[in-house]
Engineer: 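I have a structure here, written as structure tokens, and I will follow up with some questions on it.
A note on names: the letters A, B, ... follow the listed sequences, proteins ahead of strands, and every chain is numbered from 1.
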Amino acid sequence: MTPNFITEIVERDLHSGKYPAVVTRFPPEPSGYAHLGHVFASFLDFQTAAQYGGRYHLRMDDTNPELATQEYVDAIADDLRWLGWDWGENFYSASDNFEKYYAYAEQLIRLGKAYVDSVSGDEMARLRGDAGTPGTPSPFRDRSVEENLDLFRRMRAGEFADGAHVLRAKIDLASPNMKLRDPVLYRILHASHYRAGDNWCIYPMYDFQHPLQDALEGVTHSMCSLEFVDNRAIYDWLMETLGFSPRPHQYEFGRRSLEYTVVSKRKLRKLVQEGVVTGWDDPRMPTLRAQRRLGVTPEAVLAFAAQIGVNRTNRTVDISVYENAVRDDLNHRAPRVMAVLDPVRVVIGNLPEGETRTLSLPYWPHDVIRDSPDGRVALPTGERVPPEQAVREVPLGRELYIEREDFSLDPPKGYKRLTRGGTVRLRGAGILRADEVETDAAGNVTTIHATLLEGDAKAAGVIHWVSAAHALPAEFRLYDRLFRVPNPEGDNPDDIAPDFDPERMSHENEAAPLDAGFLRYLNPHSLRVTRGFVEPSVASGPAQTRYQFERQGYFWRDPVDSREDALVFGRIITLKDTWAKETQKAEGRAPQAAQKAGKPQPGAPGPQAAGSRPQALLLTPEQEAEVARLTALGASAGDARTLVRDAQLLAFLGGAVQDGTFGQVASWTVNDLAAALRSGEVGVGAADLAPLATLLASGQITTRVARDTLARAAASGEAPARIIEREGLTTVTDSAELERVIREILAANPDKVEAYRGGKAGLMGFFTGQVMRATGGQADPKLVAQKLTEALA
RNA sequence: AGGGAUAUGGUGUAAUGGCAGCACAACAGAUUUUGGAUCUGUUUGUCUAGGUUCGAAUCCUAGUAUCCCUGCCA
């Protein structure tokens, strides 16, 4: 995992001793199959813990009895194990702790922090208010602890119908954060739970259950996606109210979508139901089961996950990143053999009937052999052998099959394959010349009569082939993207931001009508089936061997449908095909990348921004007067306008000395101290800043030193001038001293010096930085610039 | 509308006041018995406007755009 804001937090917490070890959890809801979206979240959760020597938990978030099933639990765990994760003993379910959550709920009631509400759902929504208006208390909000306890116990006992009552936290009905307006903790639901059976008729809500379970499991860093930011307030409220210590903390990350993919559970279900795909494991599906059946390896999936990156922005990842991870993995894993997917017959006139030549051809191209870390390469069995032993026998008879696409009666410009009268190299077998061509009534080529040339004839291209008498018939399933457009869920084909949820499987409102619009972007050619032939050597390879069929792509036997006597090969992924790209361009079709219409650039000048310049902020007459007063005292107009709109800054500045230093102190207040001032973390008064401003104005200290000192003083409360005096931070204006420092730096970075003299002017910043660092920021910048320019001339 | 989050090439991600880097994609060339792979090179970027600073992607101010929240889902 590359460093990111989560690893930064983990390192900080480990270093400070806040937690002895990091503990994370991946909490899927068992209400659907794991898919590529889950890979990202699970990788972040698991890999972070693994990387810092902690432990990771797999947890089934099964608080909703209507959605969770054992089948999904097993499938998710199975898929994650396939990826290589091993959580050991640490497999949990929310339903493990139903009894404990109940006890915490009673405790909350006893603390006066939760109450049983008995209004209808609609009424509760109405009372909650909206963004503009605060909520109003339910008539039941002030029930006594005894009454709440009694009602809650009777809720558990099953005395009430679904929806008759709920347990709510008593937090803040006026909060601008809607999540805090007395969130529901428990609901009545007379439903059988796949694990708890009929033991319960009340079920905890996510906001109550999740933090508690994190705490019970000893989780330290609880990661979730960005839309839970508002829920963190409940999380923290619960942890503090119940007094957990040490306690887990929630951190949110941005989601990652994938182009050309939908992962909405309901939409995937629709694809299955409509028969667009053959099932949840149809190799075109984004589910892990499907990718597994497709032949993608766990290593490739993990490599993909590691490349995506983590931050706090929702982003859409280019599908080519995934495809690249798959190809990159297979390139060094898949032995090369030949298969003809769409065959046309070739008769070699100068090869006697009945004669078979047996060729010994290498499984691997030279570059894979060259790059092998141990100097060996794999056989289809996986056994690693010296390169000279990694060969297979390939028969060559009088009749062959070649790819229909590899012969053309009317070759386009740049065509490097077989033409009438032309030559081409048969992979591993020599040069072939096409002499005569038979066609059927429709003009399709049926047979090519050819001659195998002896000696070292030349040919521009190389094509693959199989010997007709020896080849094994096979079915080929050629998969392509399920959708024609990057964002099938968008309103138009150019939208490229699919709604894609890495962690949750059921955020969708099951009751809302499903927008089936995405179906119109289905790729009609997402599956092409052909019948052709593979070379006989593959018969002896293990069933799970991934092969590269040269010039065609990576394939393996379909684990479900392939039979010993009826081979079915599925294409895992194509090879990159620059020729196809060229021909597309030649036909005037835009290459794929260009088809991606640029989305409107965020921040590109919109209609409003373009013409009108930002208008000055409107100030009240009182504020205008205050601005006039501050500017008269020496503050800049900009600083003054900022100051008058911020009471805290203004209050601080009220203590400033009103002399020649005022403008500087005002500037520091606005530019350097504002954030700390608002959070009440400034330990010095404005009056203490005047001596510092005087020192700066007189040139005795540099701006850099002044600001550093300011920050330190603000944090410690010590008078800045005293820090300067104690540490002797006055400006270095000694030319000889500076020249010495510069000489040392230049001597230590000869390459940079050369680059600078070669024209890389940006390096001046680097050198200045080095000098500043060496002098603790005390060097006079003007002098530094001058001396540096001289020294580098 | 109120609250919250975010903004770096075509895409994804680094740079924690000092060289805007890396990967994917694209393009060009080399190489190649896979139109694959590999190698070399090139194009393209700090949302906008001000400010602080010798120096700003980074700090300050204002604006713009996008996303999230107002389920008894998670």
Engineer: Pick base, sugar-phosphate or nothing for A:G765, based on heavy-atom distances below 4.0 Å to the nucleic acid.
Structural biologist: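 Base contact.
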Engineer: With a 4.0 Å cut-off on heavy atoms, is A:T63 in touch with a base, just the backbone sugar-phosphate, or nothing at all?
Structural biologist: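 The residue A:T63 makes sugar-phosphate contact but no base contact.
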Engineer: Could you check which of B:G71, B:C60, B:A74 has an atom nearest any side-chain atom of A:N231?
Structural biologist: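 Nearest to the side chain of A:N231 among the choices is B:A74.
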Engineer: Could you check whether A:R704 pairs with A:D708 (Lys NZ or Arg NE/NH1/NH2 to Asp/Glu carboxylate O, under 4.0 Å)?
Structural biologist: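 Looking at A:D708 together with A:R704, the answer is yes, because their closest N to O distance falls below 4.0 Å.
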Engineer: How far does the P atom of B:U48 sit from the matching atom of B:U64, given to the nearest Å?
Structural biologist: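 It works out to 15 Å between them.
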Engineer: Compute the ring centroids of A:F5 and A:Y251, then answer whether they are less than 6.0 Å apart.
Structural biologist: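 That pair fails the under 6.0 Å test.
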Engineer: Taking only residues two or more places apart in sequence or in another chain, which ones pass ring pair (Phe, Tyr, Trp, His ring centres under 6.0 Å) with A:F767?
Structural biologist: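 A:F767 satisfies ring pair (Phe, Tyr, Trp, His ring centres under 6.0 Å) with no residue once adjacent residues are dropped.
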Engineer: Over all strands shown, is A:V771 touching base, sugar-phosphate only, or nothing at heavy-atom distances under 4.0 angstrom?
Structural biologist: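 Answer is nothing: A:V771 stays at 4.0 Å or more from every strand.
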Engineer: Please produce a list of atom pairs where a protein N or O lies less than 3.5 Å from an N or O of nucleotides 57-59 of chain B.
Structural biologist:
unit_1 : atom_1 : unit_2 : atom_2 : d
B:C59  : O2'    : A:N671 : O      : 3.3

Engineer: For A:G638, answer base if it contacts any base atom (sugar-phosphate contacts may also be present), sugar-phosphate if it contacts only those atoms, and nothing otherwise; contact means non-hydrogen atoms under 4.0 Å.
Structural biologist: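 No contact at all - A:G638 keeps every heavy atom at 4.0 Å or more from the nucleic acid.
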Engineer: For B:G18, does the base pair up with any side-chain atom of A:R704 as donor and acceptor (N or O, under 3.5 Å, distance only)?
Structural biologist: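 Yes, a donor-acceptor pair under 3.5 Å.
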Engineer: With rounding to whole Å, what would you report as the distance between B:A30 and B:A14 at their P atoms?
Structural biologist: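 Result for the P pair: 37 Å, nearest Å.
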Engineer: Can a side chain N or O of A:K265 be found less than 4.0 Å away from OP1 or OP2 on B:A74?
Structural biologist: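 For A:K265, the contact criterion (side-chain N or O under 4.0 Å from OP1 or OP2 of B:A74) is not met.
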Engineer: Need to verify one output field. Residue with the more 5' nearest nucleotide on RNA chain B, A:T2 or A:K760?
Structural biologist: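 Closest to the 5' end, via its nearest nucleotide, is A:T2.
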Engineer: Listed by chain and number, what are the ring pair (Phe, Tyr, Trp, His ring centres under 6.0 Å) partners of A:H165, not counting sequence neighbours?
Structural biologist: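 Here the qualifying residues are A:F160.
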Engineer: Which part of the nucleic acid, if any, lies within reach of A:R126 when heavy atoms closer than 4.0 Å are counted: base, sugar-phosphate only, or nothing?
Structural biologist: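 It contacts nothing in the nucleic acid.
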Engineer: Between the protein and nucleotides 31-38 of chain B, which nitrogen or oxygen pairs are less than 3.5 angstrom apart?
Structural biologist:
unit_1 : atom_1 : unit_2 : atom_2 : d
B:U33  : O2     : A:G428 : N      : 3.2
B:U33  : N3     : A:R425 : NH1    : 3.3
B:U33  : O4     : A:R425 : NH1    : 3.0
B:U34  : O5'    : A:R427 : NH1    : 3.0
B:U34  : O4'    : A:R427 : NH1    : 3.1
B:U34  : O4'    : A:E550 : OE1    : 3.2
B:U34  : N1     : A:E550 : OE1    : 3.4
B:U34  : O2     : A:Q548 : OE1    : 2.8
B:U34  : O2     : A:R551 : N      : 2.9
B:U34  : N3     : A:Q548 : OE1    : 2.4
B:U34  : O4     : A:R336 : NE     : 2.3
B:U34  : O4     : A:R336 : NH2    : 2.9
B:G35  : OP1    : A:R551 : NE     : 3.3
B:G35  : OP1    : A:R551 : NH1    : 2.7
B:G35  : O3'    : A:T578 : OG1    : 3.2
B:G35  : O2'    : A:D577 : OD1    : 3.4
B:G35  : N7     : A:R417 : NE     : 3.2
B:G35  : N7     : A:R417 : NH2    : 2.9
B:G35  : O6     : A:K416 : N      : 2.8
B:G35  : O6     : A:R417 : NE     : 3.4
B:G35  : N1     : A:G414 : O      : 2.9
B:G35  : N2     : A:G414 : O      : 3.4
B:G36  : OP1    : A:T578 : OG1    : 3.1
B:G36  : N1     : A:D367 : OD1    : 3.1
B:G36  : N2     : A:R336 : NH2    : 3.3
B:G36  : N2     : A:D367 : OD2    : 3.4
B:A37  : OP1    : A:K576 : NZ     : 3.4
B:A37  : O2'    : A:N331 : ND2    : 3.3
B:A37  : O2'    : A:D367 : OD2    : 3.2

Engineer: Just jot down the side-chain hydrogen bond (donor to acceptor under 3.5 Å, both in side chains) partners of A:R232, sequence neighbours excluded, or say none.
Structural biologist: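 In terms of side-chain hydrogen bond (donor to acceptor under 3.5 Å, both in side chains), with neighbours along the sequence ignored, A:R232 is linked to A:E252.
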Engineer: Would you please name every residue forming a side-chain hydrogen bond (donor to acceptor under 3.5 Å, both in side chains) with A:Y235, sequence neighbours left out?
Structural biologist: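 If we apply the side-chain hydrogen bond (donor to acceptor under 3.5 Å, both in side chains) test to A:Y235, skipping adjacent residues, the hits are A:D214.
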Engineer: Just checking, is any N or O donor in the side chain of A:H464 or A:R336 under 3.5 Å from an acceptor N or O on the other one?
Structural biologist: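 Not at all, the side chains of A:H464 and A:R336 share no donor-acceptor pair under 3.5 Å.
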Engineer: Do A:S95 and A:D62 meet the criterion of a side-chain donor-acceptor pair at a distance under 3.5 Å?
Structural biologist: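 Yes, A:D62 and A:S95 have a side-chain donor paired with an acceptor closer than 3.5 Å.
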Engineer: Please figure out whether A:S636 or A:G769 has its closest RNA chain B nucleotide nearer the 5' end.
Structural biologist: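 Nearest-nucleotide comparison on RNA chain B picks A:G769.
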Engineer: Between A:R128 and A:D182, is the closest basic N to carboxylate O distance under 4.0 Å?
Structural biologist: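 No salt bridge links A:D182 with A:R128.
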Engineer: Remember a base hit wins even if backbone is also touched, and classify A:L763 as base, sugar-phosphate or nothing at under 4.0 Å, heavy atoms.
Structural biologist: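 Base: the residue A:L763, judged by heavy atoms under 4.0 Å, touches a nucleobase.
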Engineer: Hey, does A:V310 reach any base, or is it just sugar-phosphate, or nothing, if we go heavy atoms under 4.0 Å?
Structural biologist: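 Here A:V310 touches the backbone only, sparing every base.
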Engineer: Which residues satisfy the ring pair (Phe, Tyr, Trp, His ring centres under 6.0 Å) test with A:F208, sequence neighbours excluded?
Structural biologist: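 A:F208 satisfies ring pair (Phe, Tyr, Trp, His ring centres under 6.0 Å) with A:Y186 once adjacent residues are dropped.
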Engineer: Can you check the distance between B:U43 and B:G10, where both ends of the measurement are the P atom (answer in whole Å)?
Structural biologist: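 It works out to 14 Å between them.
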Engineer: Test of understanding: with side-chain hydrogen bond (donor to acceptor under 3.5 Å, both in side chains), list the residues that count as partners of A:T574, not counting sequence neighbours.
Structural biologist: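 For A:T574, the residues satisfying side-chain hydrogen bond (donor to acceptor under 3.5 Å, both in side chains) (neighbours in sequence not counted) are A:R327.
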Engineer: Using a strict threshold of under 4.0 Å (side-chain N to carboxylate O), is an ion pair present between A:R333 and A:D329?
Structural biologist: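 Salt bridge present between A:D329 and A:R333.
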Engineer: Please map the stems of RNA chain B, keeping only stretches of three or more Watson-Crick or G-U wobble pairs with both distances under 3.5 angstrom.
Structural biologist: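 So the stems come out as B:2-7 with B:64-69, B:10-13 with B:21-24, B:26-30 with B:38-42, B:47-51 with B:59-63.
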Engineer: When you check every protein heavy atom under 4.0 Å of nucleotides 1-6 of chain B, what one-letter string (B, S, -) results, 5' to 3'?
Structural biologist: BBBSSS
Engineer: For residues A:T136 and A:L173, determine if any side-chain heavy atom of one lies less than 4.5 Å from a side-chain heavy atom of the other.
Structural biologist: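 Contact flag for A:T136/A:L173 side chains = no.
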Engineer: Expressed as a whole number of Å, how far does the C1' atom of B:A25 sit from that of B:C60?
Structural biologist: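 Pairwise C1' distance, B:A25 against B:C60, rounds to 38 Å.
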Engineer: Quantified in whole Å, what is the P atom distance between nucleotide B:G63 and nucleotide B:G2?
Structural biologist: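 The same atom, P, in both gives a distance of 12 Å.
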Engineer: Looking at residues at least two apart in the chain, or sitting in another chain, which of them share a ring pair (Phe, Tyr, Trp, His ring centres under 6.0 Å) with A:F766?
Structural biologist: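 Partners of A:F766 by the ring pair (Phe, Tyr, Trp, His ring centres under 6.0 Å) criterion come out as none, since no residue qualifies.
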Engineer: Quick test of your reading: applying salt bridge (Lys or Arg N to Asp or Glu O under 4.0 Å), list the pairs with at least one residue in residues 362-372 of chain A, sequence neighbours left out, ordered by first then second residue.
Structural biologist: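 Output for this query is empty, none listed.
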Engineer: Would you classify A:S120 as touching base, sugar-phosphate or nothing, given that sugar-phosphate means primed atoms plus P, OP1 and OP2, and contacts are heavy atoms under 4.0 Å?
Structural biologist: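 Base contact - A:S120 has a heavy atom under 4.0 Å of at least one base atom.
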Engineer: With a non-hydrogen cut-off below 4.0 angstrom, is A:M772 in contact with a base, only sugar-phosphate, or nothing?
Structural biologist: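 Base, at least one base atom sits under 4.0 Å.
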